[in-house]
Amino acid sequence: MLLLSYRRQYPELLYGRKSQTDPDIDRDDIRHEFSRVTFALDSINPLTWHAAVRNIVAFRAEIVLLPWWVTYFTPMYLYLAGRLKKKGIRVVLLCINVYEHENGRLKKLLTEITLSRADALIVHSEQEKAEVLAFNPAAKVKKHLLPLFRYETSHAREQDNTLHLLFFGFVRPYKGLDVLLRAMGILRRHDISLRIAGEFWDDKGVYIGLIDELGISDKVELIDRYVSDQEMGRFFEEADLVVLPYRRTRTSGVIATAYGFAKPVLATDVGGFREVIRDGYTGKIVAPDSPEAIAEGITWFLNHRDVDFAKNVATFAAKEMSWRSLAAMVETS
């Protein structure tokens with residue numbers, strides 16, 4: 001296989017001067033997994049797009065798999081798809097999200113134009129499959145749950161009676177962190193803790209004020225920064241329960257990551273969450289935008305700590321979240 005990765009994924013105007021590479025990534029280790037690897041693609045330099053096409057053609061690739069999640073990549077993807085299809089190379093888009101979470105008319109239009117240029121699409125929920133077929137009934141679109149993300153870890157937390165909760169990822173309004181904090185307020189007399197790990201996209205002060213107002217500052221830990229894979233491993237290992245109190249979404253890689261660490265998930269009934277969480281087996285599904293429902297879900301886990309969630313997650317993931325079956329789907333798309 002040929003892997004083409006980025007020298008620069010986003011310009012400073014959009015991403016700032018922060019590093020766009022994970023310092024913990026071992027590039028030599030990646031090179032051992034692929035026949036050829038390059039880190040030369042630049043999302044704002046068309047010359048590198050042209051070079052990528054040359055590399056793909058020289059490699060004699062039959063299928064090119066492109067991940068899709070934001071409309072920012074529309075110009076580059078339209079160029080790559082157009083050139084590659086002229087060379088007889090199939091283009092498959094792996095849609096992390098079909099539409100962006102903050103999706104205006106222009107973004108929606110650009111998404112539909114780009115996705116219509118692909119030979120096939122792979123999505124991660126029935127909702128997204130329906131969205132694609134709504135604007136392109138002739139689309140070749142298949143659904144496969146996000147595969148299990150596995151990480152090697154050596155972190156072990158001392159066992160105690162506290163139920164340790166983890167909210168992981170960028171903090172954005174649609175993810176409902178405020179709802180989770182209010183649920184923590186309801187349960188402030190219970191033996192629970194919450195770790196919030198991820199960068200804030202809006203005013204962090206609003207959340208800090210809410211934590212103080214609810215009187216739960218002794219139960220909440222805030223980590224407002226980029227989290228490396230190594231540190232992420234520790235956070236998930238130390239968690240008893242991963243919580244996704246989202247107001248709306250389609251899918252989330254956080255669930256696949258939680259399952260990779262054999263952790264159960266408490267999530268709201270939005271998007272495709274019911275397809276990846278078996279209620280009462282690998283986690284719990286509750287009503288969205290309701291602190292009371294989240295509190296009831298947390299209480300359910302407090303009362304069911306004897307359930308072997310790790311075994312349940314492993315059984316479910318082996319059947320429904322296989323990398324092998326995703327690879328087979330790509331090959332037949």
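These numbers come from a predicted model, not from an experiment. Nothing fancy with the numbering, it's 1 onward along the sequence.
Between Leu121 and Lys129, every side-chain heavy-atom pair lies at or beyond the 4.5 Å cut-off. Residues Thr257 and Phe261 have side chains in contact (heavy-atom distance under 4.5 Å, counting atoms from C-beta outward). A heavy-atom distance below 4.5 Å is found between the side chains of Leu41 and Met76. The closest side-chain heavy-atom distance from Val92 to Asp119 is not below 4.5 Å. Residues Val220 and Leu181 are in side-chain contact: their nearest non-hydrogen atoms beyond the backbone lie under 4.5 Å apart. No side-chain heavy atom of Gln9 sits under 4.5 Å from any side-chain heavy atom of Ser43. Thr249 places a side-chain heavy atom less than 4.5 Å from the side chain of His101. With a 4.5 Å cut-off on side-chain heavy atoms, Leu163 and Arg305 count as touching.
Side-chain contact of Tyr99 with Glu128: a donor-acceptor pair under 3.5 Å is absent, judged by distance alone. When only modelled atom types and interatomic distance are considered, Thr282 and Asn312 share no side-chain donor-acceptor pair under 3.5 Å. Using a 3.5 Å distance cut-off with no hydrogens or angles, the side chains of Lys108 and Thr71 do not pair a donor with an acceptor.
With respect to Asp289 and Arg182, no salt bridge is recorded, no charged nitrogen being found less than 4.0 Å from a carboxylate O. Of the charged side-chain nitrogens involved, none lies within less than 4.0 Å of a carboxylate oxygen, so that Arg234 and Glu237 do not count as a salt-bridged pair. The existence of a salt bridge linking Glu275 and Arg250 is excluded, since no basic side-chain nitrogen approaches an acidic carboxylate oxygen closer than 4.0 Å.
Looking only at distances, no side-chain donor or acceptor of His124 sits under 3.5 Å from a matching main-chain atom of Thr251. A donor-acceptor distance shorter than 3.5 angstrom exists from the side chain of Ser35 to the backbone of Met1, with no hydrogens or angles considered. In terms of modelled atom types and a separation under 3.5 Å, the side chain of Trp68 and the main chain of Val98 share a donor-acceptor contact. The closest donor-acceptor contact from the side chain of Ser252 to the backbone of Val254 lies under 3.5 Å. With hydrogens and angles disregarded, a donor-acceptor distance shorter than 3.5 Å links the side chain of Thr48 to the backbone of Asp42. A side-chain donor-acceptor contact under 3.5 Å links Lys219 to the backbone of His190. In this structure, Arg90 contributes its side chain and Lys85 its backbone to no donor-acceptor pair below 3.5 Å. Between the side chain of Asp269 and the main chain of Ile285, no donor-acceptor pair closer than 3.5 Å is present. Of the possible polar contacts, one joining the Thr268 side chain to the Tyr246 backbone as a donor-acceptor pair under 3.5 Å is found. One N or O on the side chain of Lys263 and one on the backbone of Ala239 form a donor-acceptor pair closer than 3.5 Å.
Closest approach of Leu2 and Asn55 over heavy atoms only: CD2-O, 3.9 Å. Looking at every heavy atom in both residues, Pro11 comes nearest to Arg8 through CA-CD, 4.3 Å. In plain terms, the two heavy atoms of Arg83 and His50 that are nearest each other are NH1-ND1, 3.4 Å. The two residues Leu66 and Leu80 come nearest to each other via the heavy atoms CD2-CD1, 4.4 Å. Nearest heavy atoms, Lys284 versus Ile277: N-CG2, 3.9 Å. In this structure, His164 and Ser193 approach most closely via the heavy-atom pair ND1-OG, 2.9 Å.
Between Phe73 and Tyr6, the ring planes lie tilted relative to each other; the angle falls in the 30° to 60° range.
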Any chance you could lay out the side-chain contact (heavy atoms from CB on, under 4.5 Å) test for Thr332 and Lys142, step after step, and finish with the verdict?
CA-CA 10 Å; Thr332 58; Lys142 299 178 180 179; 3.2 Å; yes
Residue pair Phe135, Leu109: steps toward the side-chain contact (heavy atoms from CB on, under 4.5 Å) verdict
CA-CA 10 Å; Phe135 72 80; Leu109 176 63; over 6 Å; no
Verdict with supporting geometry, Ile122 and Cys95, side-chain contact (heavy atoms from CB on, under 4.5 Å):
CA-CA 6 Å; Ile122 296 175; Cys95 300; over 6 Å; no
Determine, step by step, whether Leu166 and Val243 satisfy the side-chain contact (heavy atoms from CB on, under 4.5 Å) criterion, reporting the C-alpha distance in whole Å, the side-chain angles of both residues, the deciding distance to 0.1 Å, and the verdict.
CA-CA 6 Å; Leu166 175 65; Val243 187; over 6 Å; no
Test ring pair (Phe, Tyr, Trp, His ring centres under 6.0 Å) on Phe309 and Phe301 and set out the steps.
CA-CA 10 Å; Phe309 289 110; Phe301 281 96; 5.4 Å; yes
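Hydrophobic clustering, with ILVMFWY side chains joined whenever heavy atoms are under 4.5 angstrom apart, keeps Ile89 apart from Leu78. Cluster annotation: Val265 and Val276 are assigned to the same hydrophobic cluster (Ile/Leu/Val/Met/Phe/Trp/Tyr, side-chain heavy-atom contacts under 4.5 Å, transitive). The cluster map of Ile, Leu, Val, Met, Phe, Trp and Tyr, joined by side-chain heavy atoms under 4.5 Å apart, puts Ile113 and Val70 in different clusters. If you chain together hydrophobic residues whose side chains sit under 4.5 Å apart, Val307 and Leu165 fall into the same group. Hydrophobic clustering (side-chain heavy atoms under 4.5 Å, transitive across Ile, Leu, Val, Met, Phe, Trp, Tyr) groups Ile255 together with Val242.
In this structure, CG on Leu326 lies 12.0 Å from CZ on Arg324, to the nearest 0.5 angstrom. For the atom pair CG of Leu148 and CD of Glu320, the computed distance is 12.5 Å after rounding to the nearest 0.5 Å. Of the inter-residue distances, the one linking Ile294 atom CD1 with Leu266 atom CG reads 5.0 Å to the nearest 0.5 angstrom. Separation of atoms CG (Leu65) and CD (Glu331) is listed at 11.0 Å; rounding is to 0.5 Å. Note that the CE atom of Met184 and the CD1 atom of Ile196 stand 8.5 Å from one another [nearest 0.5 Å]. Interatomic distance, Lys319 NZ to Ser325 OG, rounded to the nearest 0.5 Å: 12.0 Å.
Side-chain rings of Phe168 and Phe235 stay apart, their centers remaining 6.0 Å or farther from each other. The six-membered or imidazole ring of Tyr10 lies near that of Tyr72, with a centre-to-centre distance under 6.0 Å. Taking the ring centroids of Tyr207 and Phe200, they lie under the 6.0 Å cut-off.
Other residues, nucleotides and ligands place more than 12 heavy atoms under 6.0 Å from the CG atom of Asp218. Heavy-atom neighbours of Lys87 NZ from other residues, nucleotides or ligands within 6.0 Å: at or below the threshold of 12.
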